[in-house]
Amino acid sequence: MAPPPDQSGDDTPRFRYNSALAARIETKWQDIWEERGTFEAPNPAGPLAAPDEVAGRRKLFVLDMFPYPSGAGLHVGHPLGYIGTDVYARYKRMMGFNVLHALGYDSFGLPAEQHAITTGVHPRVNTESNVANMRRQLRRLGLGHDARRSVSTTDEPFYRWTQWIFLQVFNSWYDADARRARPIAELVVEFESGRRPTPDARAWSDLTTAERNDIVDAHRLAYLSEAPVNWCPGLGTILANEEVTADGRSDIGNYPVFKKNMRQWMMRITAYADRLLDDLDRLDWPEPIKLMQRNWIGRSEGARVDFASPAGAITVFTTRPDTLFGATFMVLAPEHPLVASLTTADRRNAVEAHRARAAATKDLDRTAEGREKTGEFTGSYAVNPLTGTEIPVWIADYVLMGYGTGAIMAVPCGDQRDFEFARQFGLPIPAIQRPPVAWFDAHSIPTPVDDRVDTAQWPGAFVGDGVYINSSREGLSLDGLDSVEEGKRVVNAWLESHRLGHATINYKLRDWLFSRQRYWGEPFPIVYDEDGRPVALPDSMLPVLLPELEDFKPQALDPDDDVTDPIPPLARAAEWRDVTLDLGDGPRRYRREINVMPQWAGSCWYELRYLDPTNTDHFVDPEVERYWMGPTDGGDGRTGHTGGVDLYVGGVEHAVLHLLYARFWHKVLFDLGHVSSSEPFHRLFNQGYIQAFAYRDPRGQPVPAADVEERDGDYWYDGERVAREYGKMGKSLKNIVTPDEMYDEFGADTFRLYEMSMGPLEASRPWNTRDVVGMQRFLQRVWRNLVDEDTGTLRVADTPTPEELRRLLHRSIDGVRNDMENLRFNTAIAKLIELNNALTQEVTRSGSTPAEVAGSLVQMLSPLCPHLADELWAMLGHSDSVTYEPFPQPDPSLLVDDSIEYPVQINGKVRARVVVPADADQATVQSIALADEKVVAALAGANPKKVIVVVGRMVNLVI
RNA sequence: GCCCCGGUAGCCCAACGGCAGAGGCAGCGGCUUCAAACUCCGUACGGUGUGGGUUCGAAUCCCACCCGGGGCACCA
């Protein structure tokens, strides 16, 4: 490394705050913090207990979304949220909080495995080197993390507990009456005692062991299911619905995905649908995220109704049972199991053709614009239970097998899709509601004079409140009612009393597919006995370690091969797979589960492990959990405060999956009494993204963004004009800027400050390397105000602060505190710059910085640029880090001025300014304003019609 | 198609319904220099996407539309 500054011809002052000095200061303090364990947060109990340090401090748990340790390393966009949480956490430490802030790694996952497949290097080796690199990059950023708590999901002591939680889920069932999960043993007790009837009402003691096991297994929150799954030969694995894009391809890699029936682990998240929905109201989350979760859960209230048909009852789900009188045909999904028996001989060819077509175009053309309704008549008729009339049964691909019952009653006058279908195939569209006059007016249709409403002129279905017509039968009439709510109630009651249907709630949310045909994931703590029944391993046999493999490939398959069945890599570890174990009834042969858990598993509970990372007796000590995450109102978490992380920061891309799965697991743990919080993340904040410009040459090839020049509004590279676009940073766009480059060029403090100053944390913004220098100049000016650039000695004097500067200082303290509390770091930085600019005037005038200003400025800067602040703090004579110094407090008496300048508006335009004593009342302000010569001139003798005086703000005269 | 979020100076962004400008970049002018770079000092050119409305007063509230970003997408 080259020796410091004094190169010939360079007359830069020796102690100028430049990148070289910043690097020395920063690495020095990073070492000191590490040595002293500055950011280690004490626990009230367990292995990290330090009760004395906990006492008397409020706690704060700040959390960043769990990163995947990518092999590509970080770019400048990645740390945005980490810097934000670090600034907030540091600020809160200075406010006296015991702050827990840590970062671990979500290190299982597909990329490491695919890397292993191509290189032959074990995923653990690759993963650990990626983690090491990411740790290095983040350490250089000066994040105040408690290093003791940095766990990785791939650590055996970590995934031991992931497996333990799986067993908790497996060994539980959902008691719908109690609205909570309970241990499976309690279910057995209920069956044994007869308190709960068995499905076929036989006595528990009359059932065979296998029958009992079947019943119990069918209640578990983790269960095996033979279900259509998304098989992706290109990845060699099946995927969750959420990992498949709308056009039927894999989220990762964009390979084709096929439906296949397989026996898979499922998690009964649907049991929690209502609680996941209801508890959103008690969370401090951005509304758009709550909305996305509500949409995903997709609760809709309606009814199930049975229609008699030659093939037996066809059950439909409808949200509009009140429109049952208008159901003039039925539509089944092409895959519906009754289609074959409903189809008559003469319709068979047409129906089969449609089914084949639907299967082939599945999910693909469904997104096409202007899609036309297609379908076929099955030849059979069902009976409308209200009208008793026979209505034709059709199949059509606009009805999805995966939602509701896969069959609908079609009410063409009241549902737009049914309307279009009826128009397409010439089916009748009788009206059962008379829309309001406004509806007819809006569509320029003459309003019918009586109940003879003719839908022939309607442009579409009518949805909403309208007077019911043609809706009566013996013992039931809606005619004359005009409320949908009322109509639903009446029909539901009738259906239930006639046993033809019942009110019900339907959800879009599906159970969670929990098996993956991969190597690099948590093995299930499950073995199968000789009957193929899953058996939970006891606690004492955890962890189930991943076996070593020579070859990590799931299976080399053609991405378009939808015939071959998936074979997970663990199937090849024969001596691992087939074991003899004593599970209580003597040594027996068992076969291990060869699927592994999905990557979501670890991130479903990692925040709990941060709390007590080294505990070998509990996944988290209950007292420790209660301390960091318990409901702040001291309640039970069921009502009032939910408990959970105090601040969770991450990108909006995890709005649904991660946040929903983690909430689900947390609620199971809550129900079983393992945690006191009923939600994992009480407050959620979505940070924006840092994006970047990219440039393409005339052939469409990206060119290195760093070498593009701007001239006269155009962009040039290598003598050629290039086109600019805006998007994510990425290798393929050649627009990556790394934190390492920023450390070298400016230093970590400048980099941190720039990221925080670019805009509010929640906003996305473009990266601009050339703008970074502004923050470096700011820190240079701060440094120069406190330190002599030539000698390196302090320029701080114990002199009184001039009154005006003092007032500004206290206004700044007040404003900065407020901004920090609200995560408004960009405006906090602006206030600090403003203060420092004023300080510069004072230093220019007097030659030194008043000690009061120096101290407060350094303290206020420290959350944002902690290295520089600690260096200056030490130079100011303190031996401890500034980390735990109390944040400056404003003197309230200095926040108010003696006099206020009022703008005087005439008809809303500012015409004059008057200076008025701050304590002047309304009348005084008014008389001073009216006496002002400019005002007198503007009024020209006229009397204002109205005078508005807002004390402390302004005066407005209306003439 | 539906639902969110956002449009303020050349750019990134501030502004409890009350003086449109806190801060940064770039630009321009100046100091310094043999000259330049760096540093430093100074400097606001726009009236808030468009059109209406409410109000004494609108960037801010309401309605419609336009543009950009994101989510959902035949969900019965």
Side-chain angles (χ1 to χ4, degrees), chain A residues 10-13 16 18 246 286-292 295-296 298 300 302 316-320 323 331 333 366-367 369-371 373 396-400 402-411 414-418 420-421 506-508 652-653 655-656 686 688-689 691 710 713 726-727 753-754 757-760 762-778 780-781 784 789 815 824 826-834 836-837 840-841 844 901-913 944-948 950 952-959:
Chain A
D10 186 352
D11 53 0
T12 304
R16 167 153 299 171
N18 54 22
E287 272 312 312
I289 302 294
K290 289 188 181 183
L291 190 64
M292 284 163 72
N295 289 341
W296 191 264
S300 51
V316 304
F317 173 74
T318 177
T319 54
R320 292 290 304 275
T323 63
V331 187
R366 300 203 160 173
T367 56
E369 282 301 313
R371 59 218 156 211
K373 290 279 183 297
D397 63 2
Y398 81 91
V399 175
L400 308 173
Y403 183 78
T405 63
I408 62 159
M409 63 178 210
V411 182
D415 181 284
Q416 185 60 26
R417 294 153 304 178
D418 298 346
E420 287 166 16
F421 193 80
N506 198 57
Y507 301 92
K508 267 161 66 177
V652 71
E653 74 272 19
V656 178
N686 288 121
Y689 296 106
Q691 297 190 300
E710 184 182 354
Y726 180 57
L753 208 52
Y754 173 64
S757 73
M758 293 165 80
E762 66 271 25
S764 293
R765 49 298 224 350
W767 178 265
N768 248 323
T769 300
R770 55 171 203 188
D771 288 359
V772 181
V773 69
M775 290 303 119
Q776 188 180 41
R777 286 182 195 149
F778 164 51
Q780 275 173 350
R781 290 195 297 267
R784 193 180 303 119
E789 282 192 320
R824 315 269 316 195
N826 53 328
T827 49
I829 291 167
K831 290 181 177 77
L832 291 170
I833 292 173
E834 200 182 355
N836 186 59
N837 286 347
T840 303
Q841 307 282 322
T844 307
E901 189 186 73
Y902 279 72
V904 183
Q905 299 178 347
I906 293 177
N907 287 343
K909 299 275 181 236
V910 179
R911 298 294 185 207
R913 288 163 206 285
K945 267 190 265 178
K946 195 167 177 183
V947 180
I948 297 116
V950 183
R953 282 265 160 220
M954 46 70 69
V955 177
N956 190 15
L957 308 175
V958 184
I959 55 173

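Convention: sequence-line order gives letters A, B, ...; per-chain numbering from 1. Scope of the values below: all heavy atoms of this structure, side chains included, with no hydrogens, waters or symmetry mates.
Considering only side-chain N and O atoms, Q841(A) lies under 4.0 angstrom from the phosphate OP1 or OP2 of rG42(B). When the side-chain nitrogen and oxygen atoms of K946(A) are compared with OP1 and OP2 of rC56(B), one or more of them lie within a distance under 4.0 Å. Phosphate proximity of rG70(B) to S764(A): absent, as no side-chain N or O sits under 4.0 Å from OP1 or OP2. Distances shown here put every side-chain N or O of N826(A) at or beyond 4.0 Å from the OP1 or OP2 atom of rG23(B).
Comparing the P positions of rG10(B) and rG27(B) gives an interatomic distance of 15 Å, to the nearest angstrom. For the C1' atoms, the distance linking rG68(B) with rU50(B) amounts to 15 Å, nearest Å. Across rG46(B) and rC4(B), the matching P atoms stand 36 Å from one another, rounded to whole Å. Atom C1' of rC61(B) sits at a distance of 34 Å from the matching atom of rC25(B), rounded to the whole Å. Here, rU39(B) and rC65(B) have their P atoms 50 Å apart, quoted to the whole Å. Separation of the P atoms belonging to rG71(B) and rU54(B) is 39 Å when rounded to the nearest angstrom. Rounded to a whole angstrom, the distance from the P atom of rC28(B) to that of rA36(B) is 14 Å.
Checking rU39(B) for Watson-Crick or G-U wobble geometry (two distances, each under 3.5 Å) identifies no partner in any strand. In this entry rG6(B) has rC67(B) as its Watson-Crick or G-U wobble partner, both defining distances falling under 3.5 Å. Base pairing of rA22(B): no nucleotide in any strand meets the Watson-Crick or G-U wobble criterion (both distances under 3.5 Å).
Among the heavy atoms of the strands, none lies under 4.0 Å from P286(A). N956(A) comes within 4.0 angstrom of a nucleotide base, judged by non-hydrogen atoms across all strands. Looking at heavy-atom distances under 4.0 Å, V958(A) makes contact with sugar-phosphate atoms alone, never a base.
For rG23(B), the glycosidic angle deviates from 0 by more than 90°, giving an anti base.
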- Stepwise, does the salt bridge (Lys or Arg N to Asp or Glu O under 4.0 Å) test hold for R417(A) with E420(A)? CA-CA 5 Å; R417(A) 294 153 304 178; E420(A) 287 166 16; over 6 Å; no

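Between M954(A) atom CE and rG18(B) atom C1' there is a gap of 5 Å when expressed in whole angstrom units. Here rA37(B) presents its P atom at 17 Å from CD of Q780(A), a figure rounded to the nearest Å. The separation between M409(A) atom CE and rA76(B) atom P is 12 Å, rounded to whole Å. Between the CZ atom of R417(A) and the P atom of rG1(B) there is a distance of 18 Å, given to the nearest Å. Counting to the nearest Å, the C1' atom of rC5(B) and the CD atom of Q691(A) are 14 Å from each other. Across the protein-nucleic acid pair, D415(A) atom CG and rC74(B) atom C1' stand 9 Å apart, rounded to whole Å. For the pair L832(A) CG and rA22(B) C1', the interatomic distance rounds to 12 Å; values are reported in whole Å. Between the C1' atom of rC5(B) and the CG atom of L291(A) lies a distance of 12 Å, rounded to the nearest Å.
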What are the atom names and distances for every N/O pair under 3.5 Å that joins the protein to nucleotides 24-26 of chain B?
residue: rC25(B); atom: OP1; partner: R777(A); partner atom: NH1; Å: 2.5
residue: rC25(B); atom: O2'; partner: D771(A); partner atom: OD1; Å: 2.5

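D418(A) is not listed as a side-chain neighbour of K373(A), based on a closest heavy-atom distance of 4.5 Å or more. Looking only at side-chain heavy atoms (C-beta outward), V652(A) and Y689(A) come within less than 4.5 Å of each other.
Between the side chain of K945(A) and the base of rC56(B), no donor-acceptor pair under 3.5 Å is found.
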